[in-house]
Amino acid sequence: MKAFHPAVRDWFSSAFPAPTRPQQLGWPPIARGESTLILAPTGSGKTLAAFLWCLNRLMFEPAPPPKERCRVLYVSPLKALAVDVERNLRAPLVGIANIAQAQGIPVTMPEIAIRTGDTPPKDRARFLREAADILITTPE
């Protein structure tokens, strides 16, 4: 947890007793920018293992120009899972932002978009003009 921003560490410590094994093993290579495969049972913290370092960077590093804004791509096998992932990202985003703001630390709130086979063409075109920081999508 040392590599994370203090607000991220504080949020995690207030929400969980300790990192899970997939998180402990996954965060170092993710932080180094290495491609990382995390294979673990349901409920073992894989999604947070994948996303927490991304949130750390998105919230506390300068935002890129709008055309380069989409920096995290999550491919979900199912639309329902994509919606769940988006919903589950809200708690850490809000929690980390609240801690940072209470400590007087500037924070950027990442934008999240979901794109599936059901996404209307006008919404797809809008994403090209106004990209989100995180895109959650399905294979179709």
Side-chain angles (χ1 to χ4, degrees):
M1 295 290 313
K2 289 187 298 184
F4 287 101
H5 187 280
V8 175
R9 286 194 311 258
D10 290 350
W11 171 80
F12 188 89
S13 297
S14 70
F16 302 98
T20 64
R21 183 137 173 87
Q23 292 164 347
Q24 292 171 344
L25 296 174
W27 285 332
I30 292 169
R32 291 189 300 268
E34 298 172 8
S35 294
T36 306
L37 176 64
I38 298 173
L39 179 63
T42 299
S44 62
K46 292 184 302 288
T47 302
L48 194 56
F51 272 111
L52 195 61
W53 188 255
C54 298
L55 297 181
N56 186 86
R57 290 186 61 213
L58 293 173
M59 296 178 83
F60 297 104
E61 291 183 4
K67 291 281 185 187
E68 300 170 18
R69 190 164 173 192
C70 186
R71 295 172 282 164
V72 178
L73 174 65
Y74 185 93
V75 181
S76 171
L78 303 169
K79 180 180 177 181
L81 180 58
V83 171
D84 285 347
V85 167
E86 188 268 341
R87 186 176 44 245
N88 291 338
L89 282 176
R90 298 293 171 191
L93 282 171
V94 170
I96 294 165
N98 287 342
I99 288 171
Q101 290 169 346
Q103 297 173 353
I105 300 167
V107 64
T108 301
M109 286 301 285
E111 295 286 328
I112 303 171
I114 297 177
R115 181 175 164 178
T116 68
D118 299 336
T119 303
K122 68 178 179 115
D123 292 341
R124 292 173 191 235
R126 183 176 353 114
F127 183 81
L128 293 174
R129 292 187 311 276
E130 304 167 17
D133 299 288
I134 300 170
L135 174 61
I136 301 170
T137 188
T138 54
E140 74 272 353

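In this chain, numbering begins with 1 at the start of the sequence shown. What you see is a predicted model, and the numbers here were worked out from it, not measured in a lab.
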Review point. How far apart are the C-alpha atoms of Val8 and Phe60, what are their side-chain angles, what is the distance that settles it, and do they pass the side chain to side chain contact (heavy atoms under 4.5 Å, CB included) test?
Key: CA-CA 10 Å; Val8 175; Phe60 297 104; 3.8 Å; yes
Where do [X] and [Y] come nearest, in terms of heavy atoms and distance?
{"X": "Leu48", "Y": "Gln23", "value": "CB-NE2, 3.7 Å"}
{"X": "Ala82", "Y": "Ile136", "value": "CB-CG2, 3.6 Å"}
{"X": "Ala97", "Y": "Met109", "value": "CB-SD, 3.5 Å"}
{"X": "Thr108", "Y": "Pro110", "value": "O-CD, 3.2 Å"}
{"X": "Ser76", "Y": "Pro139", "value": "O-CD, 3.1 Å"}

Check your understanding: So Trp11 and Phe16, would you call those rings parallel, tilted or perpendicular, with 30° and 60° as cut-offs?
Key ->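 Ring orientation, 0 to 90° scale: perpendicular.
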Is it the case that one hydrophobic cluster holds both [X] and [Y], taking links as side-chain heavy atoms less than 4.5 Å apart, direct or via other members?
{"X": "Met59", "Y": "Ile105", "answer": "yes"}
{"X": "Leu39", "Y": "Leu52", "answer": "no"}
{"X": "Ile38", "Y": "Tyr74", "answer": "yes"}

**Study point:** Single hit among Asp133, Ile112, Leu89, Ile134 for side-chain contact (heavy atoms from CB on, under 4.5 Å) with Val72
**Key:**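 Exactly one option meets the side-chain contact (heavy atoms from CB on, under 4.5 Å) with Val72, and it is Ile134.
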Practice item. Going by the side-chain contact (heavy atoms from CB on, under 4.5 Å) test, name the single residue among Leu55, Asn98, Val107 that passes it with Leu93. Key: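 Only one of Leu55, Asn98, Val107 forms a side-chain contact (heavy atoms from CB on, under 4.5 Å) with Leu93, namely Leu55.
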Judged by atom type as modelled, is there a donor-acceptor pair below 3.5 Å linking the side chain of [X] to the main-chain atoms of [Y]?
{"X": "Thr20", "Y": "Ser44", "answer": "yes"}
{"X": "Lys46", "Y": "Pro41", "answer": "yes"}
{"X": "Arg9", "Y": "Phe4", "answer": "yes"}
{"X": "Gln103", "Y": "Ala7", "answer": "no"}
{"X": "Arg71", "Y": "Leu58", "answer": "no"}
{"X": "Thr138", "Y": "Thr116", "answer": "no"}

Practice item. Report, as yes or no, whether the 6.0 Å neighbourhood of atom CZ on Arg21 holds more than 12 heavy atoms from other residues, nucleotides or ligands. Key: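 Atom CZ in Arg21 is not crowded, with 12 or fewer foreign heavy atoms closer than 6.0 Å.
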Review point. Should we say atom CG of Leu73 is surrounded by more than 12 heavy atoms from elsewhere, each under 6.0 Å from it?
Key: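 Enclosed: over 12 neighbouring heavy atoms sit under 6.0 Å from CG of Leu73.
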**Study point:** Residues Glu130, Arg126: salt bridge by 4.0 Å N-O rule
**Key:**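 Salt bridge between Glu130 and Arg126, a charged N being under 4.0 Å from a carboxylate O: no.
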Any side-chain heavy atom of [X] sitting closer than 4.5 Å to one from [Y]?
{"X": "Phe51", "Y": "Asn88", "answer": "no"}
{"X": "His5", "Y": "Ile96", "answer": "no"}
{"X": "Pro19", "Y": "Trp27", "answer": "yes"}

